[in-house]
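Here the structure is laid out as structure tokens; the discussion comes afterwards.
Note that the numbering runs from 1 along the sequence shown for the chain. Numbering of ligands and ligand atoms starts at 1, following listing order.
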Amino acid sequence: LGGTFVPAVVVGTGYGAAVTALRLGEAGVPTLMLEMGRLWNRPGPDGSIFCGMLKPDKRSSWFKTRTEAPLGSFLWLDLVNRDIDPYAGVLDRVDFDQMSVYVGRGVGGGSLVNGGMAVTPRRSYFEEVLPQVDADEMYTTYFPRANATLRVNSIDQGWFERTDWYRFARVSREQAGNAGLRTTFVPNVYDWDHMRREADGSAPKSALAGEVIYGNNHGKVSLDKSCLAAALGTGKVTIETLHQVRTIRQGNDGTYLLTVEQKDADGELLATKEIACRHLFLGAGSLGSTELLLRARETGTLPGLSPEIGRGWGPNGNIMTARANHVWNPTGAHQSSIPALGIDDWDNPAGPVFAEIALLPAGIETWVSLYLAITKNPERGTFVYDAAKDRADLRWTRDQNTPAVAAAKSLFDRVNAANATVYRYDLFGKQIKAFADDFCYHPLGGCVLGKATDAYGRVAGHRNLYVTDGSLIPGSIGVNPFVTITALAERNAERVIKEDVTAS
Ligand code: FDA
């Protein structure tokens, strides 16, 4: 096989990819990471690296002509979206027939655009979802290791109670309490000390300037500042940006050969490269890794792949909803973009829900309480390869989200009843709609652990090929997923590097 040869290639730079590359680097294995997005380290003409949420420009979106904010409307008016030039921006929305999936693009993957909520799942539910994984080991070793690698920290609760910036969360907590529901503080990778300094004026504002889904200019410890910085620090890891892996095949000697397209940030093709490696780790996310393997199976370049590739996908039960408060109960014009509280009703056998209390960063009083509910929905989707479009299509219908909407509705009906409040119907696009059931932030599954792979992410049917990201988790984990993705990658990388990589 021709092309450049490197011992190990990691595709993507999100959570699973970053941890795997760090551990490969520490083990002394020369490793190349390939990321289709750009490196976010240079300020634009306005002096900032990322653009804000209220005045988005081309940096916001991955090759779109108009921004696609999840809360595009207010009183059914399309107020926040803007026309933009197509560009390698940081947030992508991948549209399937009946489901849209938001993902991050750039060095750091989803860590660049997400809310930073770093939640370790409830052990009993983790055991239910991934019964073949030793939970003792996870909860004593790999979850703590993931939290340390990601630099997870907790809010000063005294400050939380005092600050204007979390009035919206305190209002929601009180209203949940009126309905007999309990809330819990949620750790984060945003540096809470930095946020306090933002509040007292001694640090530049980011969370307190509404920045999040198009990137945080300050405060957030995204992967490029934590795990990927450490990986580069080993001296063994390099990252190529604006490099998208298109195809994977395997030579007779077992070497993997990748076709990789290098583009500029405006989308111009600069080169098509061939890169060869012995060990190949896919960390391109649930959508990305599943698509690469489906294409390889269906076009015959990796003929041994299992029929399980593409199965077991779910949106982690994501449903967004909003309530209108009474005028005497304002949620505040000042809202931190980093969530600090969740309503924890996961023990409710009728419909488990963990609902993050989200912000509405309008910069004005809206009297809105917004939530991202994570529900337990047993429905699963399947990816199939569309040869004409050369892409993975998701078989998932809107009505598969009926159980998730029912669980969210049951919880927030209780909150509304206890507080004599109502839903908002004007925030999720042009329709009259109280529950956003057509998009998600938490795509999971497609290459499920123990089905499409062995118990450590080794892809069935081809040696030295691994999946290391959210596609391993079968569609649901009950909380925001990146801590679980990271911890599972820690566990799998430790095993695989010892048994397969450094031993060979
Ligand atoms: P991830 O998606 O992070 O990374 C994959 C990377 O691979 C991307 O950088 C992508 O560009 C790249 N890639 C894909 N295909 C490629 C190819 N063919 N070639 C090269 N590169 C390729 N979770 C949480 O726990 N707490 C939270 O608060 C939030 N909040 C949140 C908000 C928003 C707006 C979003 C969109 C998401 C969240 N999430 C979240 C979800 C979380 O960000 C997500 O679960 C993880 O980023 C998934 O990690 P992975 O390692 O699976 O891939």
Polar-atom distance check: [X] versus ligand 1, any N or O pair below 3.5 Å?
X: G470; value: yes
X: V11; value: no
X: G37; value: no

For residues [X] and [Y], determine if any side-chain heavy atom of one lies less than 4.5 Å from a side-chain heavy atom of the other.
X: T468; Y: L282; value: no
X: L302; Y: Q250; value: yes
X: T299; Y: Y385; value: yes

Taking heavy atoms and a distance under 4.0 Å, where does [X] meet ligand 1: side chain, backbone, both or neither?
X: H442; result: side chain
X: V212; result: neither
X: N480; result: both

Only heavy atoms of [X], strictly under 4.0 Å: list the atoms of ligand 1 that pass.
X: R105; answer: 10 (C), 11 (O), 14 (C)
X: M117; answer: 24 (C), 25 (O), 26 (N), 27 (C), 28 (O)
X: Y102; answer: 36 (C)
X: G104; answer: 8 (C), 9 (O), 10 (C), 11 (O)
X: D469; answer: 50 (P), 51 (O), 52 (O)
X: Y15; answer: 46 (C), 47 (O), 49 (O), 51 (O)
X: G116; answer: 27 (C), 28 (O)
X: G109; answer: 3 (O), 4 (O), 8 (C), 9 (O)

Regarding [X] and [Y], does a basic nitrogen lie under 4.0 Å from an acidic carboxylate oxygen?
X: D95; Y: R93; result: yes
X: D92; Y: R105; result: yes
X: E127; Y: R122; result: no
X: D390; Y: R295; result: yes
X: E291; Y: R391; result: no
X: D156; Y: R196; result: yes

Heavy-atom contact under 4.0 Å between [X] and ligand 1?
X: P481; result: yes
X: H243; result: yes
X: G106; result: yes

- Please check if atom CZ in R246 has more than 12 non-hydrogen atoms from other residues, nucleotides or ligands closer than 6.0 Å.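 Check passes, neighbour count above 12.
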Check: of L242, V479, N114, min heavy-atom distance to atom 39 (N) of ligand 1 comes from N114
Report task. Verify the ring-centre separation between F143 and F126: is it less than 6.0 angstrom? Result ->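 Here the rings of F143 and F126 have centres that are less than 6.0 Å from each other.
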For this session: Flag the pair Y214 / F50 as yes when their ring centroid distance falls below 6.0 Å, and as no otherwise.
Result: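 Ring centroids of Y214 and F50 are no less than 6.0 Å from each other.
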- Given the protein's heavy atoms, is any one of them under 4.0 Å from atom 36 (C) of ligand 1?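 So far as the 4.0 Å threshold goes, atom 36 (C) of ligand 1 is in reach of a protein heavy atom.
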